[in-house]
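Down below is the structure, laid out as structure tokens.
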Number of protein chains: 4
Amino acid sequence: MKLSVIYDSKTGNTRQAGEWIAEGMNRVEGVEAKAFPVEAVDDDFVRQSNGVVIGCPSYAALMTADMRSWLLNCGGKLGMAGKLGGAFSTEQYTHGGAELVIQSILTNEMVWGMLCYSGGGSKGKPVIHLGPVGVNSNAEAHNGMEKYKDNFTVYGERFASKAAELFK
Amino acid sequence: MKLSVIYDSKTGNTRQAGEWIAEGMNRVEGVEAKAFPVEAVDDDFVRQSNGVVIGCPSYAALMTADMRSWLLNCGGKLGMAGKLGGAFSTEQYTHGGAELVIQSILTNEMVWGMLCYSGGGSKGKPVIHLGPVGVNSNAEAHNGMEKYKDNFTVYGERFASKAAELFK
Amino acid sequence: MKLSVIYDSKTGNTRQAGEWIAEGMNRVEGVEAKAFPVEAVDDDFVRQSNGVVIGCPSYAALMTADMRSWLLNCGGKLGMAGKLGGAFSTEQYTHGGAELVIQSILTNEMVWGMLCYSGGGSKGKPVIHLGPVGVNSNAEAHNGMEKYKDNFTVYGERFASKAAELFK
Amino acid sequence: MKLSVIYDSKTGNTRQAGEWIAEGMNRVEGVEAKAFPVEAVDDDFVRQSNGVVIGCPSYAALMTADMRSWLLNCGGKLGMAGKLGGAFSTEQYTHGGAELVIQSILTNEMVWGMLCYSGGGSKGKPVIHLGPVGVNSNAEAHNGMEKYKDNFTVYGERFASKAAELFK
């Protein structure tokens with residue numbers, strides 16, 4: 001079963017997060033997960049995927065313009081309806097709006113007819129509310145994507161397990 | 001297969017909307033759908049349900065306090081993880097915040113580990129973005145829940161079809 | 001006192017809505033309001049304005065890509081901090097996500113340091129929650145922007161009155 | 001000039017955050033700021049206040065039921081229209097939905113007719129997007145409200161400066 005992660009990354013943080021999600025997905029037997037930057041998506045791989053997780057950094061508490069364009073002009077043509085959908089984000093401050101970005105990506109996924117899923121609190125700790133978030137900025141003392149790595153890999157693994165259960 | 005609709009209704013509009021959704025669900029073969037007011041939910045029926053749709057009116061562009069309490073104190077105990085989740089709302093003005101209410105209900109459902117689904121634009125017209133909305137108020141000329149009936153029944157039918165496909 | 005309305009419009013509905021808001025603003029003594037399409041904004045006029053209202057249609061329950069790009073690449077350079085901020089939207093269905101679009105525009109405005117204001121329920125009926133919305137589509141029986149005209153002009157007038165009170 | 005902070009706190013984190021905001025407000029000359037728990041609000045003090053900042057923790061990525069009830073049943077009676085409005089939140093995980101809680105509080109404030117303001121990025125670092133957030137949980141390595149103290153005090157000071165400028 002194929003799973004895709006699609007991200008817009010400007011500095012590398014969101015790419016790192018997306019790759020960790022794919023790493024977590026690939027821990028599930030029978031899953032082949034790949035992560036793609038939004039400017040180089042393998043459309044065929046996405047079409048064949050049973051689940052797609054999309055992420056981008058928070059810019060002014062909203063998604064990036066490149067992600068907004070991709071969602072409107074490209075993503076909707078990839079047969080998204082019925083696939084499992086997820087989302088993630090990164091931000092420079094804990095209050096930087098990453099959850100708003102995740103919520104807006106999930107909104108677009110639902111309009112495509114996807115099944116949106118995060119696992120939430122049903123799998124124990126860490127509770128992943130709508131999707132995982134990483135903070136990376138010199139502006140905060142607890143700087144560093146590494147501190148959030150487990151949230152991304154665990155999220156990916158849970159997402160893949162649910163996809164395997166639904167679409168086996 | 002059982003499906004539940006749970007609503008908070010103060011004047012009857014949201015109850016009407018919830019009953020229409022259940023009516024649409026019951027059009028799908030093998031489905032037994034029931035609608036419950038938030039103050040008289042049949043917990044066992046909900047636990048046995050494969051999908052749950054939750055709705056309430058927009059009060060100041062947010063969900064009602066009774067629905068917020070029920071979600072926190074009751075809903076989370078009903079084994080929601082893994083079920084199909086949906087949401088709907090009613091409002092007094094077209095700009096009254098119903099989509100914000102729907103989005104907040106879906107957010108809570110995802111934190112429970114549900115699979116959120118509306119069908120979106122994948123089933124043709126009417127496109128149902130996050131969930132159906134009814135407007136009823138003397139404040140607007142196009143007053144009248146009846147005008148929105150088809151959106152609620154069609155949404156219920158699509159939701160039930162997806163549940164039947166996933167959990168047959 | 002100058003006030004600006006900035007809109008992205010693909011079919012003319014949102015342009016119409018924006019012009020109605022400017023019309024309502026111009027009812028207030030001492031106000032000079034102008035409405036600009038996002039591709040032809042008079043930057044100097046906006047810089048000199050004490051308030052800016054921004055609107056665009058709902059596309060998949062989110063703002064358009066052109067508006068997202070303008071907000072990120074252009075709007076933030078126009079000295080928005082401290083100005084009064086507002087938002088509006090149009091949609092093809094009552095449940096089409098217009099309030100989500102308004103909320104996301106207001107979010108960006110707050111990140112710019114604007115003072116966001118709608119009047120809400122404080123001015124009697126019509127209550128304008130976060131901003132006015134128009135529905136125009138053959139998909140709904142109560143089709144027609146004209147039915148929403150008063151909401152846009154009243155909103156513009158209230159917004160301008162508040163701006164005049166704050167920045168006289 | 002009076003300013004109020006109103007919070008719902010279950011474990012003390014949000015109370016701490018609210019008190020830090022009031023501390024920052026009181027740095028501004030001529031300002032008398034007080035912080036109240038939602039169950040013991042000094043209604044007269046709030047009525048006389050030119051600005052009100054409201055906060056509560058994220059519960060399942062939404063506001064608490066007690067805050068929802070207070071907003072609907074109490075807050076709206078305190079003459080909120082025209083006052084400066086702000087919001088803050090706390091959460092157990094960086095991805096815990098605090099910004100969603102802040103956005104929903106601001107939404108209610110706008111429906112009351114308040115002027116919503118955070119300062120955003122207009123005052124340099126720290127950028128405060130919609131409002132400040134604290135994370136406190138053994139679930140995260142960078143646990144500790146103290147790490148977020150400056151964001152709360154700086155936010156309070158900026159909010160009070162804007163109120164003093166508008167309502168002097």
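Sequence lines set the chain letters: A, B, ... in the order given, protein chains first and strands last, and positions in each chain run from 1.
At a 4.5 Å heavy-atom cutoff, the contact between D:Met114 and chain C is made by backbone atoms alone.
Under the ring pair (Phe, Tyr, Trp, His ring centres under 6.0 Å) criterion, C:Phe167 pairs with no residue at all, not counting sequence neighbours.
If you take CD1 on C:Ile102 and CE on D:Met110, they are separated by 9.0 Å, rounding to the nearest 0.5 Å. Annotation: the span from C:Leu115 atom CG to D:Leu166 atom CG amounts to 5.5 Å, rounded to 0.5 Å.
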Distance-only donor-acceptor screen, chain C against chain D, under 3.5 angstrom:
unit_1: C:Gln103; atom_1: NE2; unit_2: D:Thr107; atom_2: OG1; d: 3.0
unit_1: C:Thr107; atom_1: OG1; unit_2: D:Gln103; atom_2: NE2; d: 3.0
unit_1: C:Met110; atom_1: O; unit_2: D:Ser118; atom_2: OG; d: 3.4
unit_1: C:Val111; atom_1: O; unit_2: D:Gly121; atom_2: N; d: 2.8
unit_1: C:Cys116; atom_1: N; unit_2: D:Cys116; atom_2: O; d: 2.9
unit_1: C:Cys116; atom_1: O; unit_2: D:Cys116; atom_2: N; d: 2.9
unit_1: C:Ser118; atom_1: OG; unit_2: D:Met110; atom_2: O; d: 3.4
unit_1: C:Gly121; atom_1: N; unit_2: D:Val111; atom_2: O; d: 2.8

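Ranked by heavy-atom pairs under 4.5 Å with chain D, the list C:Gly76, C:Gly120, C:Gly85, C:Gly121 is led by C:Gly120.
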